[in-house]
Structures are given as C-alpha cells and as structure tokens.
Amino acid sequence: MTGRGALCGVVALVAGLCMAAAAHAQAFFYREEARDGRIYVFAQTSAYQNWIKANGEMGKSTSRIGYGPNGETVVFDSDDAINLYNYKHDKAGEVFAKPAEPPKPAAEPVAKLGGTIFSEYVFTHDPAEKDASGNTIRKTAFEVRRAYINVTGNISDILSYRVTPDVAARQATASSNLPAGASVSSNLDGSLTYRLKYAYGQMSFDRWMRTKGSWLRLGQQQTPYVDFIEGVYRYRFEGTVFVDRESFLSSSDVGISGRWVAPREYGDLHLGIYNGETYSKPEANDQKAIQLRASLRPLPRSAELKGLRLTGFIDRDRPLRGGKRNRAVGALTFEHRFVNAGFEFLRTRDRANGSAAIIDADGYSGWITPRTKFGLEGLLRYDSLRPNRNSPASNDARRSRTLVGAAYWFKAAGKSPLAAAVLAEYEHVKYDSSFNKVDENRYALKSLLAF
C-alpha cells in the first residue's frame with residue numbers, strides 16, 4: 001500500500017470513529033438550559049423533568065464554576081452530561097473513575113437446626129409368620145425408620161460443619177455366651193436408639209475457584225456414590241438405593257474427601273479415603289477404602305437435556321491384607337421438571353482373607369419417577385442381583401425386587417426448605433429356586449417430613 005493510500009485509510013478510519021461517536025452522542029437525551037446566570041446540562045430525561053417540576057432545583061449534580069463559554073457556572077446531572085457538553089463545545093473528553101465498592105462484610109457465624117422423619121405402615125402378605133402362640137399371622141407394623149436431627153452451620157465463609165444423629169434400630173440386649181440358666185435384659189429393650197450418622201467439618205474453596213461447590217471434608221460424612229444417587233432418586237424415604245439395600249455400599253463412613261466442580265456445569269469429581277467399615281462399625285485394621293466418583297454432564301446448556309449425567313464409581317478396599325472388597329458402578333441418570341430416571345449397573349469382588357474363595361456379584365437397578373405440576377408422582381423401580389457368579393450351584397441365580405408406587409409431594413410455601421410427601425407402594429421380591437426362599441409381597445404407606 002502506498003503512503004497516500006495509507007494516509008487515506010487512516011483519515012477514513014478517524015472520520016468513521018468521529019461519525020460513530022457523533023451518532024452515539026446523538027442517541028443520548030441531551031438538553032442545555034440557561035437560568036439565573038447558570039447553565040444546566042442534562043443527559044437524563046428523568047432528571048430534566050424533575051428539574052422543571054422543582055422550578056430549577058437540582059438533585060444530585062456536579063457544578064463547575066466558570067466552565068461556560070462566557071464564564072458561567074455549569075451544573076451537570078451526570079458524568080454523561082459532562083462528556084456530551086464537552087463534545088458539543090469542542091472540549092476534551094474525560095474518563096471518570098468508578099467509586100470503589102465497599103468491602104463485603106465478613107460472614108457471621110450461623111447455626112441451624114433441622115430434622116428429617118421417615119414414618120411408615122407396612123402389611124406383609126408373604127411370607128406368613130408365627131406369633132408367640134404359634135398362630136399363623138400376616139405381620140403388620142407401624143414404624144419410624146429414620147429420625148434425623150440436623151445441626152448445621154458455618155464458622156466463617158470458608159469453614160462449615162454438620163452433626164447428625166440418627167435412629168439406629170430397636171435395642172436388644174445381647175444374651176449369647178451366658179452360663180446355663182442365666183439371662184440378661186434391659187428396660188430399654190425394644191426402644192429406638194440413636195447413633196451418629198454424620199459429624200464433619202468442611203472447608204469451602206468457593207473464594208478461590210471459578211465454580212461454586214468445591215470443598216474438603218474431614219470426619220464422618222457422606223460417601224461419594226450413595227449420596228449422589230440418592231439426590232437424583234429422591235425416594236430415600238421409601239427405602240435405600242440398590243447398592244445400599246444389597247449391603248455393598250454405605251451412605252456414610254469416617255474419612256477425608258474432596259469434591260471438585262468442573263467449569264460451566266460439565267460435572268464433578270468426588271474422591272475420598274475412608275475406614276471402609278461404614279459408620280456403624282469401628283475401624284478393624286490398617287486397611288483403607290479409596291472411593292472415587294466422576295460425573296459428566298454432556299449437555300449443560302441444553303434446556304431439556306441439562307439433567308443428563310453419566311457417572312462412574314470405583315471403591316477399592318480390603319477387609320484384611322490379602323482380602324478384597326471392590327465395587328464398580330456405572331450409572332446413567334436424568335433429571336427433568338416432569339421426570340427423574342436412572343439406570344445403575346454394579347459389579348463387586350469380595351474375598352474375606354488371603355486364603356478364602358473369591359465371590360463375584362453383579363446386578364442392576366432401573367427406576368423412573370414421572371411427576372405432574374400439582375404434586376402427584378409415580379414410582380417404578382426394578383432391581384436384579386446375582387449374589388455369586390462363581391458358584392456352579394447358584395450360578396446365574398438371581399433375586400429381584402419390583403416397586404410400584406404413587407406419591408403426593410406437598411408444596412412448601414415460598415422458598416422454604418420444608419419437604420413433605422406421602423407414598424403408597426407395593427413391593428415384590430422374587431427368588432430363583434436355588435435360594436429356597438418364599439417370594440415376598442408387601443403393601444406400605446410411607447411418609448417424609450424434612451424441615
């Protein structure tokens with residue numbers, strides 16, 4: 001390009017910028033009014049209208065003495081008015097610094113008290129039982145399956161905590177290994193007893209991370225997979241999820257874990273090191289369980305498919321040196337305003353010690369919970385487990401569970417964290433013939449109250 005061509009290009013660019021600036025300036029409301037030896041300049045319609053109504057009284061404004069063309073004081077309604085006035089009167093433009101934002105106040109310590117109650121009535125049609133007099137009965141029972149007391153709070157914007165005791169079971173005094181004719185009893189036998197479910201401290205990394213929800217926990221806490229899948233399933237008050245109900249994984253254990261949330265809601269990772277004995281037993285040896293869950297949300301920007309997630313989970317543990325207690329789960333879950341659904345596939349490998357036989361198991365669970373806008377929901381779930389793939393006698397022998405239910409979720413007022421629901425369900429458990437067990441049939445009415 002020649003020098004003259006370059007010069008023409010620069011002139012055209014400058015002219016274009018000037019025209020753009022002029023057009024930008026003309027897009028603003030602009031008005032000058034002279035009164036009582038002063039010039040009033042407005043870039044805001046509302047300020048000008050208020051000035052007229054107040055008979056020349058200005059609200060918030062900036063005054064510059066002698067700034068007018070004949071030494072008048074000029075009063076501006078805003079910084080935009082100053083620059084528009086400068087443009088019109090061939091004065092240099094100005095850059096105004098934004099006022100510094102006041103520092104955010106430090107988070108105040110907070111403590112909250114809440115609770116969760118699972119109650120139920122269950123009629124067991126099969127199998128029939130015998131009462132103390134030998135009569136054949138079909139058992140019925142009212143029961144409270146869970147009664148959490150949740151104490152949560154924060155010490156600062158970084159440190160928080162949770163303490164949760166929970167109903168364990170009906171107390172029964174041990175009576176084994178006693179001398180002949182001896183017996184032991186307690187007036188608390190048959191009473192519901194409490195045990196510690198959660199007790200941990202948490203350090204949040206929200207202050208330093210681009211995404212929210214990353215943290216580090218130490219103490220008795222949720223395990224990575226069960227806590228995740230229960231959050232999607234939402235029907236923990238009906239009963240535990242597949243991997244927990246079949247006693248392969250627990251919802252709580254003692255250890256240390258951390259969670260990292262991927263940018264733009266693409267998923268998260270949760271890695272933990274635990275005793276491996278669950279929250280109901282003390283640590284028995286020097287072995288530890290390493291658990292890792294990774295969840296991927298492939299379409300986080302899709303309005304309809306944002307709730308689709310692919311999840312993989314592994315648990316590597318040993319009850320003793322030389323033993324094995326390994327679990328692997330693959331899951332596909334979907335959350336939507338009208339339905340939640342999931343499919344899980346489980347494989348396990350267990351070995352009590354270095355000389356014991358290896359027991360491999362596998363199984364799967366599929367469930368769907370369609371719902372309406374007015375609180376009515378359905379529950380359909382099917383579980384299938386092959387407890388021992390290695391034994392020729394029971395190879396491929398399975399037990400399955402079918403759940404069919406209808407629930408009503410009560411709507412909480414405003415943004416209340418209250419959750420309340422009632423569920424009517426039918427449960428059928430089927431055993432292959434090699435188990436030599438009677439199929440089970442139950443009808444139940446179950447409720448949830450969380451506050």
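Everything numeric in this text was worked out from a predicted model, so none of it was measured. Scope of the values below: all heavy atoms of this structure, side chains included, with no hydrogens, waters or symmetry mates.
A donor-acceptor pair is defined here as one N or O able to donate and one able to accept, closer than 3.5 Å; such a pair exists between the side chain of Thr211 and the backbone of Val261. Between the Arg399 side chain and the Asp432 main chain, no donor and acceptor come within less than 3.5 Å of each other.
Ring orientation note: the planes of His125 and Tyr443 are nearly perpendicular, at an angle over 60° on the 30°/60° scale. The aromatic rings of Tyr235 and Trp409 lie perpendicular to each other, with more than 60° between the two planes, well past the 30° mark. Classification of the His336-Phe334 ring pair by plane angle, with boundaries at 30° and 60°, yields parallel.
In Lys446, the NZ atom is crowded: over 12 heavy atoms of neighbouring residues, nucleotides or ligands sit closer than 6.0 Å. Counting non-hydrogen atoms of other residues, nucleotides and ligands closer than 6.0 Å to NZ of Lys288 gives a total above 12. Around atom CG of Asp286, more than 12 heavy atoms belonging to other residues, nucleotides or ligands sit under 6.0 Å away. The number of heavy-atom neighbours closer than 6.0 Å to CZ of Arg210, taken from other residues, nucleotides and ligands shown, is 12 or below.
With no hydrogens or angles considered, a side-chain donor-acceptor pair links Arg293 and Ser295 at under 3.5 Å. Between the side chains of Arg371 and Asn340, at least one donor N or O lies within less than 3.5 Å of an accepting N or O. A side-chain donor from one of Thr164 and Asn150 sits under 3.5 Å from a side-chain acceptor of the other. In summary, the side chains of Asn390 and Asp360 do present a donor paired with an acceptor at a separation below 3.5 Å, with no hydrogens or angles considered. Side chains of Tyr426 and Asn441: a donor on one and an acceptor on the other come within 3.5 Å. Neither side chain, Thr278 nor Ser250, offers a donor N or O lying under 3.5 Å from an acceptor on the other. No hydrogens or angles considered: a donor-acceptor pair under 3.5 Å links the side chains of Ser384 and Arg398. When only modelled atom types and interatomic distance are considered, Ser252 and Gln221 share no side-chain donor-acceptor pair under 3.5 Å. A donor atom on one side chain and an acceptor atom on the other are not found under 3.5 Å apart for His428 and Glu440.
Within the 4.5 Å cutoff, the side chain of Val241 has heavy atoms near those of the Val226 side chain. Contact annotation: the side chain of Pro387 approaches that of Phe435 to within less than 4.5 Å [non-hydrogen atoms, C-beta and beyond].
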Steps toward ring-ring contact (aromatic ring centres under 6.0 Å, His included) verdict (Trp367, Tyr233): CA-CA 8 Å; Trp367 46 267; Tyr233 180 54; 5.1 Å; yes

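Cation-pi check for Lys197 over Tyr279 is met; the charged atom lies under 6.0 angstrom from the ring centroid and within 45 degrees of its normal.
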